[in-house]
There are 2 protein chains.
Amino acid sequence: MAITLRRSDADFEQRFAAFLSTKREVSADVDAAVRAILARVRAEGDAALIDYTRQFDRADLDTLGIAVSKDAIRKAYAEADPATVEALKLARERIHAHHSRQMPKNERYRDPIGVELGSRWTAIEAVGLYVPGGTASYPSSVLMNAVPARVAGVERIVMVVPAPGGAINPLVLVAADLAGISEIYRIGGAQAVAALAYGTQTITPVSKIVGPGNAYVAAAKRQVFGTVGIDMIAGPSEVLVIADGSNDPDWIAADLLAQAEHDTAAQSILITDDPAFGRAVEQAVEKQLARLSRSETAAASWRDFGAVILVDSFEAALPLANRIAAEHVELAIDDAEAFLSRLRNAGAVFLGRHTPEVIGDYVGGSNHVLPTARSARFSSGLSVLDFVKRTSVLKLGAEQLRELGPAAIALATAEGLDAHARSVAIRLNM
Amino acid sequence: MAITLRRSDADFEQRFAAFLSTKREVSADVDAAVRAILARVRAEGDAALIDYTRQFDRADLDTLGIAVSKDAIRKAYAEADPATVEALKLARERIHAHHSRQMPKNERYRDPIGVELGSRWTAIEAVGLYVPGGTASYPSSVLMNAVPARVAGVERIVMVVPAPGGAINPLVLVAADLAGISEIYRIGGAQAVAALAYGTQTITPVSKIVGPGNAYVAAAKRQVFGTVGIDMIAGPSEVLVIADGSNDPDWIAADLLAQAEHDTAAQSILITDDPAFGRAVEQAVEKQLARLSRSETAAASWRDFGAVILVDSFEAALPLANRIAAEHVELAIDDAEAFLSRLRNAGAVFLGRHTPEVIGDYVGGSNHVLPTARSARFSSGLSVLDFVKRTSVLKLGAEQLRELGPAAIALATAEGLDAHARSVAIRLNM
């Protein structure tokens, strides 16, 4: 049973604040172990990768090879269900079409005094994509990470995926091929992050590493940050469903459970203005739970972190939604657009009664890599912008330098930077 | 004396690679000390701030107050040189005008099958700006960090600046006021980062922290990343000057020294196709060094990390420049535009013989917070984009759900996520 919070209760603010600050994940302190792994891969290269993989993934890369061959990819296509491959192709097309609109434009202009300013965007040359192994090895995530990189113009996209016992999900290989990934290696954990950041005999280093992973992978990404770029550190997933009493409780319950089945630390929240509807959804959750293959996970998530929040009006829901800053927000209410226009903190919003969040996970076209754990207050979902960088451009002629130079000299002098002042003054014969 | 590398030498590649991988900064391992400071500020709030400030900054906040008053700002204006205040105002106007063009646009469109997709950009609600104390307390950096935040629409910009012995550079307070900073606190170090991230009795927490700092500040930012957003970790500054023999060696020497005077770990590199010009620049550097107030710093930087790289043609300079991926690149050559069009990795480019990099530090209008230490391979200078975040929007009707639903169900099923599949199927009566 999820908790119920009533906006009208006297202790609501206190209980809501406690709810918001509940930690859903215990982050293990693996920094020292990770530091040792990074140092060893850096020093020993492939030999360290082979050794760690034997130890952690029970796979022998001396036999299998570090790199996944073209042949293994052909085999993966043969093993994959054709209908699923078609669905992956549809997803790829839709993700590609949407992300193509995100490419930023170069700019160059002359300001009123004749100074030229500009911005030039270029793709990162090489990007590494971490894909978890085992049950969290999702082909859809391969597309969501790799397609925006391709759209950005990244020439070299390198995927690493652990092969526990030697096996990789064939759909992950198919998705990688569909997304235009150029190299795939059978490695995972902190050792894979090290290989991408520092390179080994087999693997040329990349400039940025993206993709989700366990505590070791997250710690390794933090540690190599600076040597390479990294994306956000992904936490457990969450959904906030804002729904009125006109919805079918079964539909809304299904949406809450879709989030809850991801992880015992996932979080599903319903805000409604109709207490009877709230109860009906809770009953529907209990009923549907029984039938799920991942019912234990979903039940634990709903029990420990789920919530039903009762409000008198959706006006009162708005500040709560902004404080929750959820990764996913479903607006299953009449005037969803008006609510959206005032919603500030959310990774992605799903409008209306026919847009279950799951569509966005797969085939909507928007990205499913989104800010978790309230980080939508300050960060955005993955996009083409994560795979490009901007160079600023400045151009003055002699005249503009005469006009702006004295102010630069004044500021440099005030900051005690003589050589700065001199670099301008010398050109003005001052 | 800087080193000289000749592209035509047999061992060039080896020497250039070694030069590129030279570490210019020894990062002290202050993680444990920082962890303790963060925990104590989190637990004790203001009392911890007051105690650490007495200990590290020799300032008594019980008397001075944690917050800087409006009165102190009025006093700072009175103390500041009026010409410098005017120069700060010019800088502010130019930074504001340029950054106003960076605001991303919301988008909403309907795709061929009628699915609506969109992106909504909103400002981060509250941002913290770290400003170092002492000699590295630069008013220009206050503008460069705060003005883009204001342009983005950030309502609450909070500045922290240590007051060693109780004193704050009055120009820093003036710049803060000009930039529209709403709150200023006399704190620094890891304790200031903790106060911004977690809040205290006096300070309401922010959502993102930007600005440069020492090893403690950098480590604290890494540790609070996730709780709040952070900007890049700034390293020592660098310039790459690409210049032909038509330049005045004194001008180019002045530019190299402007970078070198920042820090003994700063780096100045000249690439030229004219060995005689290269020698003339080196002589000019030695001559100018003697006259600088910061000559010891500049001399150490030039001696330890400076370089003159001789190439047969600027064609050969291009791949070297892309590998150096410098924070600042000056192109003092005839066809600077052609070179620029093929330059991929650079924080900012300064075109032609009348655009010394120093103009970009102060009054060009572009930002001087730029990626250092080769990180221009994967990151960009500070911009309005650092102070906004994107919410993606998706809207399907019943018809679009019927069209896309089956593919989503197929993928969810392939990923073993029953409840995902069900959340779509239940709406299609499947």
Side-chain angles (χ1 to χ4, degrees), chain A residues 83-84 87 90 98 117 122 124 138 140 207-208 226 229 233 251 254-255 257-258 261 292-293 344 346 348-352 354-356 358-360 362-364 366 377-381 389-398 401 404 407-408 410-411 414-415 418-420 422-424 426, chain B residues 83-84 87 90 98 117 122 124 138 140 207-208 226 229 233 251 254-255 257-258 261 292-293 344 346 348-352 354-356 358-360 362-364 366 377-381 389-398 401 404 407-408 410-411 414-415 418-420 422-424 426:
Chain A
T84 311
L90 175 68
H98 179 62
L117 294 109
T122 45
I124 297 173
Y138 295 135
S140 59
S207 295
K208 182 164 184 169
I233 306 286
W251 293 16
D255 297 353
L257 286 170
E261 77 172 336
L292 294 179
S293 61
R344 186 156 178 171
V349 175
F350 304 86
L351 287 172
H354 296 94
T355 318
V358 168
I359 290 294
Y362 296 113
V363 290
S366 49
R377 292 172 299 130
F378 54 80
S379 61
S380 309
K389 65 257 178 0
R390 202 186 63 253
T391 298
S392 71
V393 177
L394 192 63
K395 183 178 183 179
L396 277 69
L401 188 62
L404 294 181
L411 291 172
E415 292 185 352
D418 282 15
H420 279 61
R422 192 174 165 73
S423 144
V424 176
I426 199 169
Chain B
T84 312
L90 175 68
H98 178 63
L117 295 108
T122 45
I124 296 173
Y138 296 136
S140 59
S207 295
K208 183 165 184 170
I233 306 288
W251 293 16
D255 297 353
L257 286 170
E261 77 171 336
L292 294 179
S293 60
R344 185 155 179 171
V349 175
F350 303 86
L351 287 173
H354 296 94
T355 318
V358 168
I359 290 294
Y362 295 113
V363 290
S366 49
R377 292 172 298 129
F378 54 80
S379 62
S380 310
K389 65 260 178 357
R390 202 187 61 253
T391 298
S392 70
V393 177
L394 192 64
K395 183 178 183 178
L396 278 69
L401 187 62
L404 294 181
L411 291 171
E415 293 186 350
D418 281 14
H420 279 62
R422 191 173 165 75
S423 144
V424 176
I426 199 170

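Chain letters run A, B, ... following the sequence lines, proteins first and then strands; every chain starts at 1. Values in this document were obtained by computation on a predicted structure and should not be read as measured data.
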Q | Verdict with supporting geometry, B/Leu411 and A/Thr84, side chain to side chain contact (heavy atoms under 4.5 Å, CB included) | A | CA-CA 6 Å; B/Leu411 291 171; A/Thr84 311; 4.0 Å; yes
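- Here the shortest heavy-atom pairing between B/Ser380 and A/Lys389 reads OG-CA, 3.2 Å.
- Residue contact with chain A, scored on non-hydrogen atoms closer than 4.5 Å, involves the backbone and the side chain of B/Ser423 alike.
- Nearest heavy atoms, B/Arg390 versus A/Gly381: NH2-O, 3.2 Å.
- Residues B/Ala87 and A/Ala407 come closest through the heavy atom pair CB-O, 3.7 Å.
- In terms of heavy-atom pairs under 4.5 angstrom with chain B, the leader among A/Val424, A/Thr391, A/Val393 is A/Thr391.
- At a 4.5 Å heavy-atom cutoff, the contact between B/Leu404 and chain A is made by backbone and side-chain atoms alike.
- For the residue pair B/Val363 and A/Ala408, the shortest heavy atom distance occurs at CG2-CB, 4.0 Å.
- Distance CD1/B/Ile124 to CZ/A/Arg344: 9.5 Å, rounded to 0.5 Å.
- To the nearest 0.5 Å, atom OG1 of residue A/Thr355 and atom NZ of residue B/Lys395 are 8.0 Å apart.
- When heavy atoms are compared at a cutoff of 4.5 Å, B/Ser379 approaches chain A solely by way of its backbone atoms N, CA, C and O.
- Nearest approach of A/Ala258 to B/His420, heavy atoms of both residues: O-CE1, 2.7 Å.
- Comparing A/Ala410, A/Ser293, A/Gly352, A/Gly360 by heavy-atom pairs within less than 4.5 Å of chain B, the highest count is held by A/Ser293.
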